[in-house]
S.K.: 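I have a structure here, written as structure tokens, and I will follow up with some questions on it.
The sequence lines fix the lettering, A, B, ..., with proteins before strands; numbering per chain opens at 1. On a predicted model such as this, the values are computed, not experimentally measured, just so you know.
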2 protein chains.
Amino acid sequence: MLDLEDFLPYRLSVLSNRISSGIARTYEERFGLSVTEWRVIAIVGRYPGVTATDVAERAAMDKVAVSRAVSRLLDAGRLERRENHPDRRAKRLYLSAEGKSIHDAIVPAALAFERDLLDALEPEERRRFLRSLERLAEAAERHC
Amino acid sequence: MLDLEDFLPYRLSVLSNRISSGIARTYEERFGLSVTEWRVIAIVGRYPGVTATDVAERAAMDKVAVSRAVSRLLDAGRLERRENHPDRRAKRLYLSAEGKSIHDAIVPAALAFERDLLDALEPEERRRFLRSLERLAEAAERHC
DNA sequence: TGAAAACAGTTACAAATGTAACTAATATCA
DNA sequence: TGATATTAGTTACATTTGTAACTGTTTTCA
């Protein structure tokens, strides 16, 4: 007998979707950013000069999804792209001034959202939760 | 400064996607079921006679997604639909014999997968983790 | 060297998903 | 009662996403 409501994969999926779309509302309404675009901005903001492949790895996104998000962001003037010597296949990515200002507007809101969530847990409980989450991630990686 | 890799919403999303697609492989390969179809089968198997709207609520799915999954499952002979008196708008859903056999083949695999994951945590750690997860879900619901 | 394999990124097509409008049935309440 | 609103489920259209094949470049190694 399986109760979907008690089933861990299902609970994680519902929670994750709810949280993601909660945050997404912020940057969708204010900047018309999709989740993938926001992730690209977050990665490029944190690691200026990364390539699209780096972004895909760090954001656990498909390279096609990254390519599409990057091209939308370039069109919108939110991202810049420069040559990568000596490998001319890859291009280095940077936030434009506008991309930077979007980044700097979203990051505090995202962190505040995260803090609000984690404030539902006691400090010790929070540490334990994050550690357990890490163990689960390892177990999932081993298993899949 | 925001490190996507440490950001809770992102970590939850990656973990949830990894786990979901890990399980999905099982029923995709063996039965050609999508995630939504599997969820419908799980709900109808657990609560025979539910309506599509009930399924949507219990599975946190969009009613259009449910409608489409149900119609595919009906076409494949995996689901049956009977009249619901006295309200003739809604139809009651049941697993067919084939649907039941698919359900009974997947459920143990799904539960084993969940157990493998949770076995990465000590018994006490696991209880705490699940409790924290519940608190987070409440906080997210409040916040979103 | 130079032929073959691997890689970065893009494009094209198919499948999945979200949104809005729709049909048919039931509920509401003046 | 009967006009209006609500509900269950479907359909149609637009958008998003995944898969495979592609271009141009670099690496590998016989």
S.K.: Roughly how many Å is it from NE2 in A:H85 to C1' in D:dT26, rounded to a whole number?
M.R.: 15 Å
S.K.: From CZ of A:R68 over to C1' of C:dC13, roughly how many Å is that when rounded to an integer?
M.R.: 11 Å
S.K.: Could you check whether B:R11 pairs with A:E134 (Lys NZ or Arg NE/NH1/NH2 to Asp/Glu carboxylate O, under 4.0 Å)?
M.R.: yes
S.K.: Assign B:T51 to base, sugar-phosphate, or nothing according to its heavy-atom contacts below 4.0 angstrom with the strands shown.
M.R.: sugar-phosphate
S.K.: Return the value, rounded to whole Å, for the distance between atom CZ of A:R39 and atom P of D:dT17.
M.R.: 11 Å
S.K.: How is A:T36 classified with respect to the nucleic acid when contacts are heavy atoms under 4.0 Å: base, sugar-phosphate, or nothing?
M.R.: nothing
S.K.: Students often get this wrong, so: under 4.0 angstrom with heavy atoms, is B:A65 touching a base, only sugar-phosphate, or nothing?
M.R.: nothing
S.K.: What are the two closest non-hydrogen atoms of A:N84 and A:A90, and how far apart are they?
M.R.: CB-O, 3.2 Å
S.K.: Could you state the CG-P distance from A:D62 to D:dT16, rounded to the nearest angstrom?
M.R.: 16 Å
S.K.: Using a 4.0 Å heavy-atom cut-off across all strands, classify A:R81 as base, sugar-phosphate, or nothing.
M.R.: sugar-phosphate
S.K.: State whether A:R142 and B:D116 are salt-bridged, where the test is any N-O pair (Lys NZ or Arg NE/NH1/NH2 against Asp/Glu carboxylate O) under 4.0 Å.
M.R.: no
S.K.: Between atom CG in B:L73 and atom C1' in D:dT10, what is the gap in whole Å?
M.R.: 16 Å
S.K.: More 5' along DNA chain D: A:K63 or A:R88, using each one's nearest nucleotide?
M.R.: A:K63
S.K.: Heavy-atom nearest nucleotide on DNA chain D for A:P86 versus B:R89: which residue maps closer to 5'?
M.R.: B:R89
S.K.: Round to a whole Å and report the spacing from CZ of A:R82 to C1' of C:dA8.
M.R.: 19 Å
S.K.: Is the charged tip of B:R82 near the ring of B:Y94: under 6.0 Å from the six-membered ring centre and within 45° of its axis?
M.R.: yes
S.K.: To the nearest 0.5 Å, what is the distance between CZ on B:R58 and CZ on B:R39?
M.R.: 15.0 Å
S.K.: So does A:S67 get a side-chain nitrogen or oxygen closer than 4.0 Å to the phosphate oxygens (OP1/OP2) of C:dG9?
M.R.: no
S.K.: Which of these nucleotides, C:dT10, C:dC13, D:dG9, is closest to any side-chain atom of A:V64?
M.R.: C:dT10
S.K.: What is the separation between atom NZ on B:K91 and atom P on C:dT26, rounded to the nearest whole Å?
M.R.: 11 Å
S.K.: Return the value, rounded to whole Å, for the distance between atom CD of B:E28 and atom C1' of C:dA15.
M.R.: 12 Å
